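The structure appears below as structure tokens.
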Amino acid sequence: MSNSLLPLRGSPGSPYTRKMLAVLRFRQIPYRYLQAEDLTLPKPKVDLIPIFYFPDNTGEWVAEVDSTPIIRRLEEEYPQRAVIPPEPAAAFINYLIEDYGDEWLTKAMFHYRWYYQDDIGMAGSILPHYADVTQSDDVMAKMRDIFSERQISRLYVVGSNDTTAPVIEDSYKRFLACLNEHLKQYPYIMGHRPGSADFACFGQLTQLVQFDPTPTKVAVKSFPRVHAWVSKMEDLSGVEVAEDGFITCDNAPETLKSLLVEIGRTYVPVMLANAEAFDKNLNTVETIVEGKTWVQEPFAYQAKCLQWLRIEYGRLDQDDRDKVDSMLAGTGCEKLLVKPDNQ
Ligand SMILES: N[C@@H](CCC(=O)N[C@@H](CS)C(=O)NCC(=O)O)C(=O)O
């Protein structure tokens, strides 16, 4: 196999794998997709998928995980068909929505999949086959039970529990409504060409609107446009996009602002409460989202995500920060950001 094909390992049931495959296709980056472990390749430091393998300067493979920085690395190594807007202020908005997709929508994805019997039944019986379809039904039945029990026992990680279930489900429906309105005018969240924010939301929606039965029913009944969008996003390798196709902060439509308002209602208070729990060494994250209680265990990775978002904001110059500030004003998202010391 040629080394010029970028190797990555993932699985069809993994929203982050789907995010990254769609980025690679849109960007016309030649890749080889491994759907099982390849023992000739190194293991990543953190055991997550998708795993990308990049050659180091001696030609040895290095395993990397975490889609957000990998997308930035690919932007540098492959200049064509970028998914990060050139305007720094728009790039920041894109980063924020990408993080919302990765860190908030995934709560809906994991919640629906492992909370309801129908969804558990479907995911539990299909997902283990992705490793190897030739295994016997007996082996698969055992895998179904082991896998389902393990995933159900991890619902607490994303904050899915009986208290938060209505918050997560209401927010999923409002997100679909916002995206549906936006798509009446623009083919992508980031305008006339897709940004990494589009791919992040797409990745989670591959599962939410096209696989897991309970959230799929919601989408099929009320938001067929979003369902169709997800199918189209899967492979944008042949779509031509204009250089200036991205939304800029000066011409951003109201529908994008509405999406930011939705992000401000849910992701923002939970990210802030989670970071505060770390600062104060608390055992529980507790806050109010849309008038309802949110309780979960602190989630270290998401505290880092907030720091990274603030670093991105800190990198903007005054002009760009003003643009971001005026775009976020009144959405609730402005609460995430801390002015650099010199302000
Ligand atoms: N922040 C990571 C998240 C990756 C992630 O959470 N992957 C999940 C599957 S979608 C995983 O590997 N979970 C561990 C497991 O299934 O054992 C990214 O953006 O790539």
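None of the values given here were measured: they were computed from a predicted structure.
To the nearest 0.5 angstrom, Arg72 atom CZ is 8.5 Å from Ser67 atom OG. Rounding to the nearest 0.5 Å gives a distance of 11.5 Å between NZ of Lys107 and CG of Leu155. We find the CZ-CD distance between Phe110 and Gln207 to be 12.0 Å, quoted to the nearest 0.5 Å.
Using a 4.5 Å cut-off on side-chain heavy atoms (C-beta onward), Phe202 and Glu234 make contact. Contact check for Tyr100 versus Leu105: side-chain heavy atoms found under the 4.5 Å cut-off. In this structure the side chain of Ser196 never reaches within 4.5 angstrom of the side chain of Ile97, judged on heavy atoms. Side chains of Phe92 and Lys323 form no contact here, defined as non-hydrogen atoms less than 4.5 Å apart. The closest side-chain heavy-atom distance from Leu34 to Tyr53 is below 4.5 Å.
At least one donor-acceptor pair under 3.5 Å links the side chain of Arg27 to the backbone N or O of Arg81. In this structure, the side chain of Thr284 does not engage the main chain of Glu297 through any donor-acceptor pair within 3.5 Å. When atom types are taken as modelled, the side chain of Glu276 and the backbone of Asn274 share no donor-acceptor pair closer than 3.5 angstrom. A donor-acceptor pair is defined here as one N or O able to donate and one able to accept, closer than 3.5 Å; no such pair exists between the side chain of Thr106 and the backbone of Glu103.
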Between Glu181 and Thr255, is the side-chain hydrogen bond (donor to acceptor under 3.5 Å, both in side chains) condition met? List the steps. CA-CA 6 Å; Glu181 278 313 301; Thr255 49; over 6 Å; no
Show the numbers, then the answer: is there a side-chain hydrogen bond (donor to acceptor under 3.5 Å, both in side chains) between Ser136 and Asp138? CA-CA 5 Å; Ser136 71; Asp138 282 352; 5.3 Å; no
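Aromatic ring centres of His182 and Tyr186: separated by under 6.0 Å. Taking the six-membered ring for Trp and the full ring otherwise, the centers of Tyr301 and Trp308 sit less than 6.0 Å from each other.
Counted by atom type alone, Asp212 and Tyr115 present zero donor-acceptor pairs between their side chains at under 3.5 Å. Side-chain atoms of Asp250 and Thr248 include no donor-acceptor pair closer than 3.5 Å. Residues Gln135 and His129 have side chains that never bring a donor and an acceptor to within less than 3.5 angstrom of each other. In summary, the side chains of Gln28 and Ser237 do not present any donor paired with an acceptor at a separation below 3.5 Å, with no hydrogens or angles considered. Donor-acceptor pairing under 3.5 Å is lacking for the side chains of Asp118 and Thr214.
Note that Arg73 lies in the cation-pi zone of Phe54, set by a 6.0 Å cut-off to the ring centre and a 45° limit from the axis.
Checked for salt-bridge contact, Arg193 and Asp198 miss the test: no charged N lies under 4.0 Å from a carboxylate O.
Using bins of under 30°, 30° to 60° and over 60° for the plane-to-plane angle, the ring pair Phe26/Phe199 lands in the tilted bin. Between Trp104 and Trp294, the two ring planes are tilted [angle within 30° to 60°].
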